[in-house]
Amino acid sequence: MDMEISASAVALLILALGAGGLLSGFLAGLFGIGGGAITVPILYEVWRVLDIDPDIRMHMAVGTSLAVMIPTTLQSFLAHRARGSVDIGFLKRLAAPVVLGVAGGALIASVSESTVLKWVWVVFASALAAKLFWGQDDWRLGKDIPKSRLVELYGVFVGVLCGLLSIGGGAFMTMLMMLYGRPIHQAVGTSAGFGPLVSIPGAAGFMIAGWGVSTLPLGSVGYVNLIGAAVIIPASVFAAPLGARIAHGFSRRKLEVAFGCFMAVLALRYALDLLLG
């Protein structure tokens with residue numbers, strides 16, 4: 001890899017990473033998401049500019065994004081908990097299943113088919129956007145989250161997707177809670193709590209998976225690049241409380257529409273990527 005790049009190029013890369021970190025942290029606080037949908041494509045382009053081995057670019061982007069999510073999602077969770085919008089009981093109930101799923105997702109990341117996972121994102125993001133745009137209060141699967149073990153199984157499934165895609169799982173958990181009658185502020189706040197449960201084991205898994213790879217860029221531990229994380233993390237942590245504060249300043253309907261727009265954009269992004277190759 002040719003590491004001889006100009007000072008101006010380095011400055012531009014740092015600015016891009018910093019801007020991505022600010023946006024990632026803001027979205028984490030606003031919607032209770034981990035921000036991986038933003039940081040993964042940004043990091044992928046950074047590795048492309050730096051001519052990182054194409055075979056490991058996506059692994060590096062996902063692994064580093066998971067490391068970035070650790071302080072970002074923790075900050076977001078603490079901000080929402082301080083406002084009393086976290087269902088701690090539900091968070092504890094799904095903690096172990098989610099962590100188990102994340103570990104499995106990280107282990108199979110290197111052999112997974114991204115096309116299938118992108119279609120899953122399209123379906124879920126589209127369904128949630130439709131619910132938020134047009135759903136009425138009677139769009140429910142039940143009056144409260146059931147005791148069935150299928151809920152725990154859903155947690156494992158979400159964990160696997162999070163480990164593979166470097167997402168915080170907020171969108172999936174928010175949709176589940178809202179379909180069982182929980183208010184959106186509580187759904188968003190509780191979903192933020194799943195971020196650390198995803199990011200910590202996920203980042204550790206990518207470190208292990210990439211241990212000893214010969215083409216890793218400078219400053220990497222496995223598939224986690226510490227330099228990239230060091231640039232993005234401060235910006236993300238700084239912006240997360242702002243997103244949480246703005247979320248609690250919105251009316252229920254405005255937050256639903258804003259979240260719906262974000263999900264629709266994500267669904268469209270992945271659909272176009274799949275259809276256009």
Side-chain angles (χ1 to χ4, degrees), residues 28 31-41 43-44 56 58-70 72-74 77 90-128 141 145-146 148-177 179-180 187 190-211 222-224 263 266-267 269-271 273-274:
F31 297 136
I33 63 174
I38 302 298
T39 54
V40 168
L43 284 166
Y44 185 85
I56 67 169
M58 184 55 71
H59 298 82
M60 292 296 304
V62 173
T64 305
S65 178
L66 283 165
V68 168
M69 283 166 51
I70 295 174
T72 303
T73 55
L74 183 60
F77 165 65
F90 181 65
L91 188 61
K92 290 180 178 179
R93 177 183 175 186
L94 288 192
V98 167
V99 170
L100 178 64
V102 171
L107 288 174
I108 64 175
S110 61
V111 295
S112 63
E113 285 289 339
S114 60
T115 300
V116 174
L117 296 169
K118 285 179 181 178
W119 275 120
V120 171
W121 245 117
V122 170
V123 172
F124 271 82
S126 299
L128 181 54
L141 293 178
I145 299 172
S148 170
R149 290 299 179 186
L150 290 176
V151 176
E152 278 77 6
L153 185 60
Y154 180 80
V156 174
F157 170 72
V158 171
V160 170
L161 291 180
C162 292
L164 289 170
L165 297 176
S166 182
I167 56 176
F172 300 102
M173 292 303 179
T174 296
M175 180 172 68
L176 174 68
M177 295 184 73
L179 286 174
Y180 281 103
T190 305
S191 295
F194 287 99
L197 298 176
V198 167
S199 56
I200 294 173
F206 272 83
M207 286 181 177
I208 295 171
W211 194 267
Y223 290 133
V224 174
M263 286 293 102
L266 279 185
R269 169 182 171 268
Y270 284 116
D273 186 42
L274 288 163

Side-chain donor-acceptor pairs under 3.5 Å in residues 93-101, sequence neighbours left out?
| residue | atom | partner | partner atom | Å |
| --- | --- | --- | --- | --- |
| R93 | NE | E152 | OE2 | 2.7 |
| R93 | NH1 | P146 | O | 2.8 |
| R93 | NH2 | P146 | O | 2.9 |
| R93 | NH2 | K147 | O | 3.4 |
| R93 | NH2 | S148 | O | 3.1 |
| R93 | NH2 | E152 | OE1 | 3.4 |

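- The shortest distance between side-chain heavy atoms of L74 and I70 does not fall below 4.5 Å.
- The shortest non-hydrogen separation linking T39 to S65 is OG1-OG, 2.5 Å.
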**OP:** Output, in order, the C-alpha distance, side-chain angles, deciding distance and verdict of side-chain contact (heavy atoms from CB on, under 4.5 Å) for Y223 and M58.
**Re:** CA-CA 9 Å; Y223 290 133; M58 184 55 71; over 6 Å; no
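- In this structure the side chain of V151 never reaches within 4.5 angstrom of the side chain of Y180, judged on heavy atoms.
- For the atom pair CG (L153) and CZ (F157), the distance works out to 9.5 Å, reported to the nearest 0.5 Å.
- With rounding to the nearest 0.5 angstrom, the CZ atom of F194 is 12.0 Å from the OG1 atom of T73.
- A 4.5 Å side-chain heavy-atom check between T190 and M173 finds every atom pair outside the cut-off.
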Original post:
Going through the distances and angles, do F77 and L91 end up as a side-chain contact (heavy atoms from CB on, under 4.5 Å)?
Top reply: CA-CA 11 Å; F77 165 65; L91 188 61; 3.8 Å; yes
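- At distances below 3.5 Å, at least one donor-acceptor pair connects side-chain atoms of S191 with backbone N or O atoms of T174.
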**OP:** I would like to know whether I145 and M177 meet side-chain contact (heavy atoms from CB on, under 4.5 Å); could you show each step before the answer?
**Re:** CA-CA 7 Å; I145 299 172; M177 295 184 73; 4.2 Å; yes
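- Pairs engaging residues 60-70 under the salt bridge (Lys or Arg N to Asp or Glu O under 4.0 Å) rule: none recorded [sequence neighbours left out].
- When all heavy atoms of P196 and P201 are compared, the pair lying nearest together is O-CD, 3.9 Å.
- Among all heavy-atom pairs drawn from V122 and A267, the shortest one is CG2-O, 3.7 Å.
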